Each structure stands twice: as structure tokens, then as C-alpha cells.
Amino acid sequence: MKTRLSLPSNRLDWVVCVALLFSIAVPCWALDDKSWELAPYRVQLLVVVDSSARPGAITAEQFSADLKQRIRTTLYPLWSVELVLPQAADRTRQLSGLGNLEDESEQSETVRFDKRIYITAKVSPLGISLSSRELDIYTGRWTPVLNKLVRQDHMVTHASLELLCQVFAPLAMIHADPNDEEHVSLVFKGADLPRQTDEPLFVHRNDLFQPLLVRLSRTSGAAPETIVDVPWTYVVAEEPEDAGWLCRVYTGTRRPFGTRRRGRVELMAIALKAPLYETQVRFHASHDESQSLRGYEVFEQEPETGEYKLLGVTNYQGLIPVTRTDAPVRMLILRSDNQLLAKVPVVPGVRTLAEIPIADDMARLLVQEDLEALKEKLIDVVARRNIIMARVRAFLEQDNLDEAQKLLTELNALPNRGDFAQEIKSLQDLTGSGANSQYHSDNPRIQAKIGKLLDNTGTLLGRFLGVREITQLENEVREYQRSQPN
């Protein structure tokens, strides 16, 4: 008995069927074929409606049917959608708040989908409150919850589609140009599928993306083994290209994408959403998260001029608020005691708190504090030496040899170059590897600064604590003593 296939009735459906066959037969994450650009997003849309405040205002069935039809006429074929109306405990859980949803990327029923999007409509006397959130199945990343209030019931479908487009986080492959480290090209999934409109649906100028380093499984080319963020790196859409979008790279590292990828590794990017007004940025020591970097200066580099302006100083918790602006990425510079500690990109509005570990500079500060105290002591000794030497010569002019000799003894009792050199040597021993965790940094750059501070202080000893002046004064006293009659 032969099974008959139901053939598509129009050209657009033909294209979609071919794209689906490509996405099933060939891993859609490969860069060497067109399956990525021809693969639609398989979206599971979970719809919950609560109209208990105004019974009969809208129903879940009618709302879902209208939404599905609107998606069909605007997002098809880029979205291949399956609508679900959660019941019982699943419905209660979704109504309790989308922000409380746990990561469901490992559930078996989500494997056949690329995206799982939740949308909740709650009817109230003021209107209909919409909330939505997306889980990207492949990366396991959640978008933040986005909300919208609709005053007119007949506008709920239109507003819901807008909200779905806002919460949707498109995926892209990154094409890095080794000759241009400031830009990359993003090629988006489904980019070559036919579209219902020429207007941009999901990607606009200044949209923000998080680059990802994806290591594919050895057994399945389509399954990720690990997915990690490219550290301290973001890309921002600048202008559309034939193959996608040209994006500017903002990074706090050198060559964030490297010269080449090794093994089964791909560079991808996922859109980031920034619904918050500001983000609290916390700087802390990299070796100890509880050690806040308080009292540090934070500057911002202006994107147009490259100049720096002071944002403020970190508080006792190492925090400084960074507000959202027209620029999606703000380059922050952390400085302490005129020392540049870090230059990192920050994306305000994506999350409430951003933790930034900094190579521990406390060791340098401790050494510098001890050396400053040593310099103050050196200045005091030099001043006392000069005063005593002047008084010795004054007593010689007054023919008061006894007082001059007493002061000369006091002069020789003052700390000398050897005493200071021994203190510096003791501090050097403390900064040695493993000698004292407070005075030693595992960061070679910080340790080099510590060594330079010690060397510069040692140079001061030769300039201000020489023995020639004292030797000359002793000779003057002896000459005066020999010139006196017995």
C-alpha cells in the first residue's frame, strides 16, 4: 500500500517545504551550505488568557486563532508556528508570572522547536495587560519579560504581534573579517526565505547582539556540546548587507574572535533585549568575588570623539549605576590612583546587575601605601639631616665644639640609606610569589607595576640619602678640632 503525499498548493508553500527538508536533512548550523538561510524558525507559542475580571471580553480560543492568522499573514514562512493552550498546572504557572519560569531547554518536547514563546493576556478594567518571554531552545537563553497594556480590546491581536516581534531574539552566524577587527557580518537564520513585506521585522539599526562560541558535539553536528559567551564582547547592527547586517564590534579583549576556529567550533550571535532603565555595575576582585573595589574612578569613552568623561566613583559595594542611552554599548574605564585597571563594554538595561571581575589591584595599592609611608619618613629624615647639619656649622662658627659634636652624633644616629634599603628589601620579599597573598598579584601586569614602584623608590635613596654631605661635615669638624690649640 502506497502512502500519498499532500503536495503544496502554491509556490510559497513549495519553498517552505523545501526549506524544512533542508533543515531536517542537513545540520542547520553549518556555514558551508544554504540550509541556515533557508531554515524557518520552528516556534511553539504558548497562549494563556485570563478574562475573569471581565468575562467574555476575549477567549483563549478566539485570541489564539486571530493571532495565528496574523502571524500567517506577516511572519510566514520565517515562522513555522504551533500554538498551545496550556491547561491546569501549566496554565496556573504561566499566569503566576513569566519571570518565574525555570529553564526548560532540556525538556524532550522542546527538541523539535527552535523557539518557545510564552504570551499571557490578562483582562482588567483598565484594559488588557500583555506579557511575553522567549526561550531559545538551542542556546538555552531566556529573554527578559516584556509587557504592554492595550486599552482597546479590538487592538489586542495587533499589539500581541508587536510584542512577539519585540521579544523574539533572532539567531545569526558570525562572519569575521581578519582584515577588519572592528566589524563582523551577521547572517541570520531564514534570511533567504521569501517575505511578506520589505520592512525589517526583527533586526534594526543599533540592535544589540551577544556573540557566542559554540562547540558542536562529536556525535551530532547539529547538537551543541558547550555554548559560552565570547567574553566582554558585543556587536551592534550598523547597516544591512546583501547577506545580512554589518555590525560594529565592542570588546574589552584583543582579537575576541581569534584568527581561526579550531575543531567543531562555530561563531554565532543572539539578540539581546534591554528593557530596563539602568544597570548597576559592580566591580570586584577577580580572585575574590566578595572583595568589592570601592572608591575607584569610572570613566566613559565617548563613541564619537574617543574622549573620556568621569561617570563617578564606585561606592562601598563597588557599585556604580549606568543608565541606558541611545548608544546600546557604553565603554567603561576603571581607574585607581591614575592607574588604568580595565576597559570593558557594558550594556545597560539588559539586566539589573552586571558583575565585572577585575584583576586584583589591591596588592599594588598595599605596596604603594607602604612606599608612600616610607617616602614620608625619607622626607622627614632628609629635613632633619639638613637642619642638624646647619646647626653643626652654626656651632662651629660660635666656637662651640662640644655642641657641634653632640649634634654630629645625633646626625649619625638618623636612619641612613642602608636602613631604608633594608625596608625596601623586606617589602620586596613580601611581594614575592606565594610569600604574602596581600602583597602579591598573580597578574603579571600588576606585578610588573609593583616592581616598578619598588625600583623608583630605591632610586630616591641614592638622590636624597647620600653619605657625601655627612662625610664632608665630619671633615669640617675634625679640621676645626685640629685647628684649636691644646
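Quantities reported herein were computed from a predicted structural model and do not represent experimental measurements.
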Colleague: Side-chain atoms of residues 395-411: list all donor-acceptor pairs with protein atoms under 3.5 Å, sequence neighbours left out, distances to 0.1 Å.
Modeller:
| from | atom 1 | to | atom 2 | distance (Å) |
| --- | --- | --- | --- | --- |
| Asp399 | OD1 | Tyr480 | OH | 2.7 |
| Asn400 | OD1 | Glu403 | N | 3.3 |
| Thr409 | OG1 | Gln405 | O | 3.1 |

Colleague: Quick one: does Gln291's side chain get under 4.5 Å of His284's, heavy atoms only?
Modeller: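 Answer no - side chains too far apart.
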
Colleague: Going by heavy atoms in the side chains, are Val281 and Val344 under 4.5 Å from each other?
Modeller: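 No, their side chains stay 4.5 Å or more apart.
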
Colleague: Hey, could you give me the CZ/CG distance between Arg468 and Leu473, rounded to the nearest 0.5 Å?
Modeller: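 It is 13.0 Å, given to the nearest 0.5 Å.
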
Colleague: For Arg133 and Thr143, indicate whether the former's side chain and the latter's backbone hold a donor-acceptor pair under 3.5 Å.
Modeller: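 A pair under 3.5 Å: yes.
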
Colleague: Between Ser129 and Leu149 (side chain of the first, backbone of the second, donor and acceptor by atom type, cut-off under 3.5 Å), is there such a pair?
Modeller: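 Between the backbone of Leu149 and the side chain of Ser129 there is no qualifying donor-acceptor contact (under 3.5 Å).
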
Colleague: For Glu238, give me all partners under salt bridge (Lys or Arg N to Asp or Glu O under 4.0 Å), at least two apart in sequence or on another chain.
Modeller: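 Scan of Glu238 (salt bridge (Lys or Arg N to Asp or Glu O under 4.0 Å), adjacent residues dropped) gives Arg248.
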
Colleague: Indicate yes or no for a side-chain donor-acceptor contact from Asp419 to the backbone of Asn416 under 3.5 Å, with no hydrogens or angles considered.
Modeller: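 The answer is yes, because a donor-acceptor pair under 3.5 Å joins these two groups.
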
Colleague: So, Asn147 side chain and Ser131 main chain: donor-acceptor pair closer than 3.5 Å or not?
Modeller: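 No; zero donor-acceptor contacts below 3.5 Å.
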
Colleague: Please assess Gln44 against Ile137 for the test side chain to side chain contact (heavy atoms under 4.5 Å, CB included), listing each intermediate value before the final yes or no.
Modeller: CA-CA 10 Å; Gln44 186 183 46; Ile137 305 301; over 6 Å; no

Colleague: Please determine whether side chain to side chain contact (heavy atoms under 4.5 Å, CB included) holds for the pair Val346 and Ile356, giving the CA-CA distance in whole Å, both sets of side-chain angles, and the decisive distance to 0.1 Å.
Modeller: CA-CA 9 Å; Val346 170; Ile356 300 182; 3.9 Å; yes

Colleague: Look up atom CG in Leu414 and atom CZ in Arg384, then write down how far apart they are to the nearest 0.5 Å.
Modeller: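 The CG atom of Leu414 sits 5.0 Å away from the CZ atom of Arg384.
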
Colleague: How would you list, by chain and number, every residue that makes a side-chain hydrogen bond (donor to acceptor under 3.5 Å, both in side chains) with Arg482, sequence neighbours excluded?
Modeller: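 For Arg482 the side-chain hydrogen bond (donor to acceptor under 3.5 Å, both in side chains) partners, ignoring immediate neighbours, are Glu479.
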
Colleague: To the nearest 0.5 Å, what is the distance between CG on Leu293 and CG on Leu319?
Modeller: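 Between Leu293 CG and Leu319 CG, I get 11.0 Å after rounding to 0.5 Å.
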
Colleague: Taking only residues two or more places apart in sequence, or in another chain, which ones meet Tyr234 in a ring pair (Phe, Tyr, Trp, His ring centres under 6.0 Å)?
Modeller: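 Not a single residue meets the ring pair (Phe, Tyr, Trp, His ring centres under 6.0 Å) criterion with Tyr234.
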
Colleague: So Val150 and Leu130, do their side chains get closer than 4.5 Å, heavy atoms only?
Modeller: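 In contact.
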
Colleague: So how far is it from His183 NE2 to Leu246 CG, rounded to the nearest 0.5 Å?
Modeller: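 Between His183 NE2 and Leu246 CG, I get 5.0 Å after rounding to 0.5 Å.
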
Colleague: Roughly how far, to the nearest 0.5 Å, is the CG atom of Leu45 from the CD1 atom of Ile117?
Modeller: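 The CG atom of Leu45 is 6.0 Å from CD1 of Ile117, to the nearest 0.5 Å.
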
Colleague: Below 4.5 Å, heavy atoms only, C-beta onward: do Leu186 and Ile174 meet side chain to side chain?
Modeller: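 They are in side-chain contact.
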
Colleague: Does Tyr308 have any ring pair (Phe, Tyr, Trp, His ring centres under 6.0 Å) partners at least two apart in sequence or in another chain, and if so, which?
Modeller: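 Residues passing ring pair (Phe, Tyr, Trp, His ring centres under 6.0 Å) with Tyr308: none at all.
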
Colleague: Testing the basics here: between Ala169 and Glu134, what is the closest heavy-atom pair and its distance to 0.1 Å?
Modeller: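 Nearest pair, atom of Ala169 first, then Glu134: N-OE1, 2.9 Å.
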
Colleague: Out of Tyr250, Trp245, Phe209, which one pairs with Val235 under the side-chain contact (heavy atoms from CB on, under 4.5 Å) rule?
Modeller: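 So, applying the side-chain contact (heavy atoms from CB on, under 4.5 Å) to Val235 and each of Tyr250, Trp245, Phe209, only Phe209 qualifies.
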
Colleague: Taking only residues at least two apart or on different chains, which pairs with a member in residues 162-177 satisfy salt bridge (Lys or Arg N to Asp or Glu O under 4.0 Å)?
Modeller: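 Of all non-adjacent pairs touching residues 162-177, those that pass salt bridge (Lys or Arg N to Asp or Glu O under 4.0 Å) are Lys148-Glu162.
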
Colleague: Suppose we screen for side-chain contact (heavy atoms from CB on, under 4.5 Å). Which residues come up paired with Leu276, at least two apart in sequence or across chains?
Modeller: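 Counting only residues at least two positions away or on another chain, Leu276 forms a side-chain contact (heavy atoms from CB on, under 4.5 Å) with Thr352.
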
Colleague: Working to the nearest 0.5 angstrom, can you tell me the gap between Glu182 CD and Cys247 SG?
Modeller: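 Going from the CD atom of Glu182 to the SG atom of Cys247 covers 14.0 Å.
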
Colleague: In the structure I gave you, are the side-chain heavy atoms of Ile333 and Val298 within less than 4.5 Å of one another anywhere?
Modeller: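 Not in contact.
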
Colleague: To check you understand the geometry: which heavy-atom pair defines the closest contact between Ala237 and Val203, and what is its length?
Modeller: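 Ala237 and Val203 have their closest heavy atoms at CB-CG1, 4.5 Å.
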
Colleague: The criterion is side-chain contact (heavy atoms from CB on, under 4.5 Å); which residues satisfy it with Leu78, sequence neighbours excluded?
Modeller: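 Testing Leu78 for side-chain contact (heavy atoms from CB on, under 4.5 Å), a comparison that skips the adjacent residues, returns Tyr41, Leu193, Phe202.
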
Colleague: Has the side chain of Trp142 got a donor or acceptor atom that lies under 3.5 Å from a matching backbone atom of Leu101?
Modeller: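 No; zero donor-acceptor contacts below 3.5 Å.
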
Colleague: Check the pair Leu454 / Ile450 against side chain to side chain contact (heavy atoms under 4.5 Å, CB included), numbers first and verdict last.
Modeller: CA-CA 6 Å; Leu454 292 168; Ile450 291 174; 4.3 Å; yes

Colleague: Looking at every non-hydrogen atom in both residues, tell me the closest pair between Val230 and Pro256 and how far apart they are.
Modeller: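 Closest approach of Val230 to Pro256: CG1-O, 3.6 Å.
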
Colleague: Please enumerate all residues that pass salt bridge (Lys or Arg N to Asp or Glu O under 4.0 Å) together with Lys425, with sequence neighbours excluded.
Modeller: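 Salt bridge (Lys or Arg N to Asp or Glu O under 4.0 Å) check on Lys425 returns Asp429.
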
Colleague: Can you list every pair that meets salt bridge (Lys or Arg N to Asp or Glu O under 4.0 Å) and has a residue in residues 272-286, with sequence neighbours left out?
Modeller: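 Every salt bridge (Lys or Arg N to Asp or Glu O under 4.0 Å) pair that includes a residue of residues 272-286, provided the two are not neighbours, is Arg282-Glu355.
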
Colleague: Using the side chain to side chain donor-acceptor pair (under 3.5 Å) rule, collect all pairs that involve residues 371-383, keeping only residues at least two apart or in two chains.
Modeller: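 Output for this query lists Lys377-Glu423.
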
Colleague: If you define the side chain from C-beta out and look only at heavy atoms, does anything of Val249 sit under 4.5 Å from Glu181?
Modeller: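 Sidechains of Glu181 and Val249: no contact.
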
Colleague: Among Ile320, Ile358, Leu341, which residue meets the side-chain contact (heavy atoms from CB on, under 4.5 Å) test with Tyr296?
Modeller: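 Of all the options given, the one that passes is Leu341.
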
Colleague: I want to check something: taking the side chain as every heavy atom from C-beta on, are Phe420 and Pro415 in contact at a cut-off of under 4.5 Å?
Modeller: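 They are in contact (side-chain heavy atoms under 4.5 Å apart), so the answer is yes.
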
Colleague: For side chain to side chain contact (heavy atoms under 4.5 Å, CB included), just list the numbers for Thr233 and Phe257, CA-CA rounded to whole Å, side-chain angles, deciding distance to a tenth of an Å, and then say yes or no.
Modeller: CA-CA 9 Å; Thr233 303; Phe257 304 118; 4.1 Å; yes

Colleague: Of all heavy-atom pairs between Met331 and Thr251, which one has the smallest distance, and what is that distance?
Modeller: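 Taking every non-hydrogen atom into account, CE-O, 3.7 Å.
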
Colleague: Report yes or no: does Arg330 contribute a side-chain atom to a donor-acceptor pair with the main-chain N or O of Val347 at less than 3.5 Å?
Modeller: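 No, Arg330 side chain to Val347 backbone: no donor-acceptor pair under 3.5 Å.
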
Colleague: Under 6.0 Å from the CZ atom of Arg254, do we count more than 12 heavy atoms belonging to anything else shown?
Modeller: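 Not buried by this count: 12 neighbours or fewer within 6.0 Å.
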
Colleague: What I'd like to find out is whether the side chain of Tyr138 reaches to under 4.5 Å of the side chain of Leu212, using heavy atoms alone.
Modeller: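 Heavy-atom side-chain distance check fails, nothing below 4.5 Å.
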
Colleague: Give a yes or no answer on whether the side chain of Arg324 reaches the backbone of Gly349 with a donor-acceptor pair at less than 3.5 Å.
Modeller: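 A pair under 3.5 Å: no.
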
Colleague: For Pro345 versus Gly252, what's the shortest heavy-atom pair and its separation?
Modeller: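 Residues Pro345 and Gly252, closest heavy atoms: CD-N, 3.5 Å.
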
Colleague: Please confirm whether the backbone N or O of Arg294 pairs with a side-chain atom of Ser292, one donor and one acceptor, at under 3.5 Å?
Modeller: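 Side chain of Ser292 to backbone of Arg294: no pair is present.
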
Colleague: Give the minimum heavy-atom separation between Trp79 and Phe168, together with the two atoms involved.
Modeller: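 Of all heavy-atom pairs spanning Trp79 and Phe168, the closest is CZ2-CD1, 3.4 Å.
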
Colleague: Does Arg393 have any salt bridge (Lys or Arg N to Asp or Glu O under 4.0 Å) partners at least two apart in sequence or in another chain, and if so, which?
Modeller: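 Partners of Arg393 under the salt bridge (Lys or Arg N to Asp or Glu O under 4.0 Å) test: Glu476.
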
